[in-house]
> 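Attaching a single structure in C-alpha cells format; questions to follow.
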Amino acid sequence: MLTSVGVIGAGGHCKVVVEAIAKMSSSCTISIFDTDEAKTGDSILGYEVQLFTSPELTPDTLFVAIGDNQIRESVTRMLNKEGKTLATVLHPDANLSTSSRVEEGTFVAALAVVSSDATVGKGCIINHR
C-alpha cells in the first residue's frame with residue numbers, strides 16, 4: 001500500500017493517476033511535480049503542483065505520469081539511476097488476473113483487463129477498458 005508518492009508530470013495523464021492513487025489508498029500523501037515553471041502553483045484535484053528541479057528533492061517513491069512513451073522512459077531511467085522507487089498504480093476498478101504480473105512504474109486504469117499469465121512491463125500504461 002502506498003503511503004507517500006510523488007507524481008512526476010502535471011498533464012492530463014496525471015489526473016487519472018492521482019485519482020487512482022487516492023482510490024487505492026485514501027491516506028496516501030500525494031505530491032505533484034513538473035519541470036514546467038508555468039504549472040507551479042496550479043492545482044490538480046486539490047494537489048498543488050511543485051517545480052521539479054532534482055530527484056533529491058522528491059519523495060523516495062515516485063510515479064512518472066507522462067503520457068509520451070519516450071519521455072516517460074527517459075525520466076524513468078533517470079529516476080532509477082538516482083535510486084528512486086517506482087510506484088505501480090493499479091486502479092481498484094481494474095481487473096487483474098491473479099496469475100498476471102505487472103512490473104514497477106506501470107499504471108493500470110479503471111476497467112482495464114490484464115488476463116491470465118499476462119506480463120506487463122516496466123513503466124507501461126494500460127488504459128481504460
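Computed from a predicted model, the values in this text were never measured in an experiment.
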> Tell me if a side-chain donor or acceptor on T106 pairs with a main-chain N or O of G123 at a distance below 3.5 Å.
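Yes, T106 side chain to G123 backbone: donor-acceptor pair under 3.5 Å.
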> Hydrophobic clusters join Ile, Leu, Val, Met, Phe, Trp and Tyr when side-chain heavy atoms are under 4.5 Å apart, directly or via other members; which others share one with L51?
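Under the 4.5 Å side-chain rule, L51 groups with nothing.
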> Looking only at non-hydrogen atoms, find the nearest pair between G9 and C14 and report the distance.
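That would be O-CB, 3.1 Å.
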> Residues two or more places apart in sequence or in another chain: which of them pass side-chain contact (heavy atoms from CB on, under 4.5 Å) with T85?
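So T85 forms a side-chain contact (heavy atoms from CB on, under 4.5 Å) with T61.
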> For a 4.5 angstrom cut-off between non-hydrogen side-chain atoms, does S115 reach S97?
no
> Test: ring pair (Phe, Tyr, Trp, His ring centres under 6.0 Å). Region: residues 15-43. Which pairs qualify, not counting sequence neighbours?
none
> Say you draw a straight line from CG of N69 to OG1 of T76; how long is it, rounded to the nearest 0.5 Å?
10.5 Å
> Tell me which pairs pass salt bridge (charged side-chain N to carboxylate O under 4.0 Å, His left out) where either residue lies in residues 73-83, with sequence neighbours left out.
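Of all non-adjacent pairs touching residues 73-83, those that pass salt bridge (charged side-chain N to carboxylate O under 4.0 Å, His left out) are E73-R77.
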> Between I71 and V64, is there shared hydrophobic-cluster membership here, with clusters defined by ILVMFWY side-chain heavy atoms closer than 4.5 Å?
yes
> Considering only Ile, Leu, Val, Met, Phe, Trp and Tyr, and joining two whenever side-chain heavy atoms are under 4.5 Å apart, list the other residues clustered with V7.
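Other cluster members: L2, V5, V16, V17, V18, I21, M24, I30, I32, I44, L45, Y47, V49, F63, V89, F107, I125.
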> Output every pair passing salt bridge (charged side-chain N to carboxylate O under 4.0 Å, His left out) with a member in residues 110-129, not counting sequence neighbours, ordered by first then second residue.
E104-K122
> Treat each ILVMFWY residue as a node, draw an edge where side-chain heavy atoms are under 4.5 Å apart, and state whether M78 and I66 are in one component.
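Cluster IDs for M78 and I66 match.
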> Sequence neighbours excluded, which residues qualify as salt bridge (charged side-chain N to carboxylate O under 4.0 Å, His left out) partners of D93?
K23
> Other hydrophobic cluster members with I126, side-chain heavy atoms of Ile/Leu/Val/Met/Phe/Trp/Tyr under 4.5 Å, chained?
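The other cluster members (ILVMFWY side chains, heavy atoms under 4.5 Å, direct or chained) are L90, L96, V102, V108, V114, V120.
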> For E19, which residues count as a side chain to side chain donor-acceptor pair (under 3.5 Å) partner, sequence neighbours excluded?
none
> Tell me every residue that passes side-chain contact (heavy atoms from CB on, under 4.5 Å) with T29, counting only those two or more places apart in sequence or in another chain.
S4
> Can you run down the side chain to side chain donor-acceptor pair (under 3.5 Å) pairs that involve residues 31-41, sequence neighbours left out, and say none if there aren't any?
none
> With salt bridge (charged side-chain N to carboxylate O under 4.0 Å, His left out) as the rule and sequence neighbours excluded, what pairs involving residues 47-72 come up?
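Applying salt bridge (charged side-chain N to carboxylate O under 4.0 Å, His left out) to every pair that reaches into residues 47-72, excluding sequence neighbours, yields D60-K84.
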